[in-house]
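Naming convention: chains lettered A, B, ... in sequence-line order (proteins, then strands); numbering from 1 in each chain.
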Protein chains: 2
Amino acid sequence: MGRTTFILRQRAYLKLYMLQKAEKGNLYGLQILGDLMDYFDDLAYKPTKSEVYKSLHELLKEGLIKRKWIEKEGTEMQEVAVYQISDMEKVKAYKALVKIDLDRSIALLNRALKDHF
Amino acid sequence: MGRTTFILRQRAYLKLYMLQKAEKGNLYGLQILGDLMDYFDDLAYKPTKSEVYKSLHELLKEGLIKRKWIEKEGTEMQEVAVYQISDMEKVKAYKALVKIDLDRSIALLNRALKDHF
DNA sequence: ATATGAACATTATGTTCATAC
DNA sequence: GTATGAACATAATGTTCATAT
């Protein structure tokens, strides 16, 4: 209950990008946030720290990615968490599901565009 | 605060359809719901009674539409509320704003489609 | 039973605080 | 100050209840 049938959640949207970052395997949380902030700047979408961390944590918990603590470049004793894909099969399955919702969401928005504008 | 910069809200989406129904001027709440349920059935979007009424109430409060109580067809003493546009200038201004958000939202979703699939 | 609407509950998401370096 | 994360607050939306016909 309480679950919308409308458009895919921001969380799911962000998780796609988290997986993409994890494939590179060398970025930590706040770097990812900064990257996405820049990347979406033209569309005025400003993801928050909270959503980025929650997206990463969910993917960890679901076993799609794993975390590694490494020393931050240029410093000593400053550990940051970087992420890597841990189960490519799960990733593929997850993405296939999200794609369905994404296609559906785009169709919903395009329908409104056609109906009203 | 607390406001997302992500995709346009369901409420805004539905309000577009409420305005369209109000232009016809002869449907009441649950009829609109039924119509939309059918209309979005292929995309598995199932708006709720609550969202439909809240969308109508917001538009009323904002002065874009007005309400008329009429006797339900075929019955006596059963009053239903139908809606009509009350201020076309406001409607145009509202739709222009929503279009910006709608275009932006479509762009966000298409970007994810391009980036991940 | 159908129609309207409010009250309530739960999610989804944003903001602030705590801890460590 | 930067990084991680939890705790907290609010907003968006779904579910249930009340009232009337």
Side-chain angles (χ1 to χ4, degrees), chain A residues 1-15 17-18 21 26-37 40 44-61 65 67-83 101 105 108, chain B residues 1-15 17-18 21 26-37 40 44-61 65 67-83 101 105 108:
Chain A
M1 75 296 247
R3 177 141 194 71
T4 189
T5 62
F6 191 51
I7 282 178
L8 95 165
R9 308 279 93 209
Q10 182 183 183
R11 184 76 46 86
Y13 185 90
L14 277 180
K15 279 160 88 175
Y17 283 92
M18 296 307 129
K21 299 299 186 185
N26 58 340
L27 291 182
Y28 60 89
L30 290 195
Q31 275 181 327
I32 294 175
L33 177 61
D35 272 17
L36 294 180
M37 286 275 211
F40 289 116
Y45 169 41
K46 309 204 181 309
T48 63
K49 177 168 92 87
S50 171
E51 277 302 306
V52 166
Y53 279 125
K54 283 179 192 161
S55 300
L56 288 168
H57 295 344
E58 276 190 19
L59 290 170
L60 276 173
K61 203 166 131 192
I65 63 176
R67 177 168 48 188
K68 228 175 35 175
W69 291 91
I70 65 168
E71 276 179 27
K72 188 181 172 183
E73 220 168 306
T75 73
E76 292 172 40
M77 297 274 70
Q78 169 74 327
E79 296 230 303
V80 295
V82 296
Y83 302 87
D101 226 30
S105 301
L108 274 169
Chain B
M1 76 293 249
R3 177 141 195 71
T4 188
T5 61
F6 190 51
I7 281 175
L8 95 166
R9 308 279 93 208
Q10 182 183 186
R11 184 77 47 85
Y13 185 90
L14 277 180
K15 280 161 88 175
Y17 284 92
M18 296 307 130
K21 298 299 187 187
N26 59 339
L27 293 181
Y28 60 90
L30 290 194
Q31 275 181 327
I32 294 175
L33 176 62
D35 272 17
L36 294 181
M37 286 274 213
F40 289 116
Y45 169 42
K46 309 207 180 310
T48 63
K49 176 168 93 85
S50 171
E51 277 301 306
V52 167
Y53 279 127
K54 282 180 193 162
S55 301
L56 288 168
H57 294 345
E58 275 190 19
L59 290 169
L60 275 173
K61 204 167 130 191
I65 62 176
R67 175 167 52 188
K68 228 176 34 176
W69 290 92
I70 64 168
E71 273 180 30
K72 189 181 173 184
E73 219 168 307
T75 72
E76 292 173 43
M77 297 276 71
Q78 170 74 326
E79 296 231 303
V80 294
V82 296
Y83 302 86
D101 226 30
S105 301
L108 274 169

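- What separates CG of A:L60 from P of D:dT4 is a distance of 12 Å, to the nearest Å.
- Side-chain contact between B:K54 and B:T48 is absent, with no heavy atoms from C-beta onward closer than 4.5 Å.
- Mapping A:Y83 and A:F6 onto DNA chain D via the closest heavy atom, the residue that lands nearer the 5' end is A:Y83.
- Remark: P of C:dT4 and NZ of B:K68 are 15 Å apart, rounded to the nearest angstrom.
- Listed candidates were D:dT13, C:dG5, C:dA3. Nearest to the side chain of A:T4 is D:dT13.
- Rounded to a whole Å, the CG atom of B:L33 is 12 Å from the P atom of D:dT15.
- Below 30°, between 30° and 60°, or above 60°: for A:Y45 and A:Y13 the angle between ring planes is above 60°, a perpendicular geometry.
- Comparing A:R11 and B:K49 against DNA chain C, the residue whose closest nucleotide sits nearer the 5' end is B:K49.
- Summarising the geometry, the separation between CG on A:L8 and P on D:dT13 is reported as 14 Å, rounded to the nearest angstrom.
- Contact check for A:L30 versus A:K49: side-chain heavy atoms found under the 4.5 Å cut-off.
- As rounded to whole Å, 18 Å separates atom P of D:dT4 from atom CD of A:E58.
- For A:R67, the side-chain atoms get nearest to D:dG5 when compared with the rest of C:dT4, D:dG5, D:dT15.
- In this structure, A:Y53 places its OH atom 18 Å from P of C:dC17, rounding to the nearest Å.
- Taking 4.5 Å as the limit, every side-chain heavy atom of A:Y28 sits out of range of all side-chain heavy atoms of A:L33.
- For the pair B:R9 and C:dT11, the criterion of a side-chain N or O lying under 4.0 Å from OP1 or OP2 is not met.
- For A:H57, whose side chain is taken as the heavy atoms from C-beta onward, the closest listed nucleotide among C:dG5, D:dT13, D:dG5 is D:dG5.
- Side-chain atoms of A:V80 lie closest to D:dA3 of the nucleotides D:dA3, C:dT4, D:dG14.
- Residue B:L30 contributes atom CG, which lies 14 Å from atom P of C:dA1 at whole-angstrom precision.
- The distance between atom CD of B:Q10 and atom P of C:dT11, rounded to the nearest whole Å, is 16 Å.
- The side chain of A:E51 has C:dT13 as its nearest neighbour among D:dT4, C:dG5, C:dT13.
- OP1 or OP2 of D:dA3 has not a single side-chain nitrogen or oxygen of A:Q31 nearer than 4.0 Å.
- Judged by distance alone, with hydrogens and angles left aside, A:K54 brings no side-chain donor or acceptor close enough to the base of D:dG5 to form a pair under 3.5 Å.
- Looking at A:D101 and A:R9, their side chains never come closer than 4.5 Å, going by heavy atoms from C-beta outward.
- The base of C:dT15 sits with one of its N or O atoms less than 3.5 Å from a complementary donor or acceptor on the side chain of A:S50.
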